[in-house]
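In what follows, a single structure is set out as structure tokens and then discussed.
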2 protein chains.
Amino acid sequence: MEKYKRMLVEKGIKPTFQRIKILEYLEKHHNHPTVDMIYSALYKKVPTLSKTTVYNTLGVLSKHGLVSVLSTLDSEAHYEYNFNSHHHFICKVCHRIIDIDVPCTFRQYVEELGHKVEEVHGNFVGICKDCMEKQYE
Amino acid sequence: MEKYKRMLVEKGIKPTFQRIKILEYLEKHHNHPTVDMIYSALYKKVPTLSKTTVYNTLGVLSKHGLVSVLSTLDSEAHYEYNFNSHHHFICKVCHRIIDIDVPCTFRQYVEELGHKVEEVHGNFVGICKDCMEKQYE
DNA sequence: CTATTAATTTATAATCAATATAAATTAAAT
DNA sequence: ATTTAATTTATATTGATTATAAATTAATAG
Ligand SMILES: [Mn+2]
Ligand SMILES: [Mn+2]
Ligand SMILES: [Zn+2]
Ligand SMILES: [Zn+2]
């Protein structure tokens, strides 16, 4: 609670109960949730919560760099707490989004081309290990 | 004309006038167009064209690997003819999508983790060179 | 403390890209 | 020439997101 409150205050965001809970959820759950997943999970503990607030809060949090929006081919946007930058594997079968750590160094190269790079999104799309193994059972 | 006809036949796709024109447009224009951009551009030469056909055709073409769908944060999907694999820079200001060629070798690493990689999407998001220069004029 | 003002949350309506459905057209097969 | 299948087109529907306005909560001033 206090931890997330401080994080919000540091960024100049008023630490409301809803915002704290949403930030806490994202920091604790690395499942790259959608708005709906966040809403469903928090609804139990914050029964007054509205989906609009989830949208608004995610907008505020991402504007201040606390969370980031993933670029997927899914119809719904996926969000994650901003840990250290990493890549993703997106499974076409189970639709899981798996964190991938690779020492990507191309950011600097792109900067040298004259572009200002603010985010790097690396997505490997295919069939995940678990789903591959299930095919041969 | 004949060139695109052959490409379609090779993949077992019936080479209709609409499909040929859409494939031709994508092969000749490397602007990563949306459905709307393709429709607007071809509407002049194929006045009977419907937007539904553009959606359908892009579905068919991408299913057969002739075109690919980009993963962007845009509300509309962007498409491109399937040249050799490459990455993209997405400008937050002018919304252009610029091709970036980097010798990315992480595909194999992800495969070694047990995942089957079918596509690699690398996006650098920020402010492009042109827009950066315009800021200081 | 009470009144006033501003910020946030919530409820509701509107938007719009994408999909689903069905009718019309075209091509292929008998 | 008739039937059948595939494709295109027109139209309706869906569903995530955004916009708008009302309700609630917090902050400020007197
Ligand atoms: Mn992640
Ligand atoms: Mn490209
Ligand atoms: Zn999977
Ligand atoms: Zn630009």
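Note on naming: letters A, B, ... go to the chains in the order of the sequence lines (proteins, then strands), and numbering restarts at 1 for each one. Because only heavy atoms are used, hydrogens play no part in the values below, and waters and symmetry mates are left out as well, while side chains stay in.
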First and last nt of DNA chain C near chain A, cut-off under 4.0 Å to heavy atoms, 5' to 3', are C:dA7 to C:dT12
Give every donor-acceptor pair under 3.5 Å between a side-chain atom in residues 105-115 of chain A and any protein atom, sequence neighbours left out.
unit_1, atom_1, unit_2, atom_2, d
A:Arg107, NH2, A:Val117, O, 2.9
A:Gln108, NE2, A:Glu112, OE2, 3.4
A:Glu111, OE2, A:Val117, N, 3.3
A:His115, ND1, B:Lys129, N, 2.8

Partners meeting side chain to side chain contact (heavy atoms under 4.5 Å, CB included) with B:Asn82 (sequence neighbours left out) | B:Ser68
Got a sec, which residues hit salt bridge (Lys or Arg N to Asp or Glu O under 4.0 Å) with B:Lys51, two or more places apart in sequence or on another chain?
-> B:Asp36
Looking at residues at least two apart in the chain, or sitting in another chain, which of them share a side chain to side chain contact (heavy atoms under 4.5 Å, CB included) with A:Ser62?
-> A:Val67, A:Val69
Ring pair (Phe, Tyr, Trp, His ring centres under 6.0 Å): pairs with one or both residues in residues 40-72 of chain B, sequence neighbours excluded = B:Tyr39-B:Tyr43
Can you tell which of A:Tyr81, A:Phe83, A:Tyr25 makes a ring-ring contact (aromatic ring centres under 6.0 Å, His included) with A:His30?
-> A:Phe83
Can you tell me which residue pairs pass the salt bridge (charged side-chain N to carboxylate O under 4.0 Å, His left out) test with a partner in residues 72-91 of chain B, sequence neighbours excluded?
-> none
Proximity to DNA chain D (any heavy atom under 4.0 Å), residues of residues 2-26 of chain B only | B:Lys14, B:Thr16, B:Gln18, B:Arg19
Numerically ordered, the residues 44-58 of chain A set in heavy-atom contact under 4.0 Å with DNA chain C is A:Thr48, A:Leu49, A:Ser50, A:Thr52, A:Thr53, A:Asn56
The complete set of side-chain hydrogen bond (donor to acceptor under 3.5 Å, both in side chains) pairs with one or both residues in residues 4-20 of chain B, sequence neighbours excluded, reads B:Tyr4-B:Glu27
Sequence neighbours excluded, the answer for side chain to side chain contact (heavy atoms under 4.5 Å, CB included) partners of B:Lys21 is B:Met1, B:Phe17, B:Glu24, B:Leu42, B:Val46
Side-chain donor/acceptor pairs under 3.5 Å, residues 94-104 of chain A, sequence neighbours excluded:
unit_1, atom_1, unit_2, atom_2, d
A:His95, ND1, A:Val93, O, 3.4
A:Arg96, NH2, A:Asp130, OD2, 3.2
A:Asp99, OD1, A:His32, NE2, 2.9
A:Asp99, OD1, A:His86, NE2, 2.9
A:Asp99, OD1, A:His88, NE2, 3.2

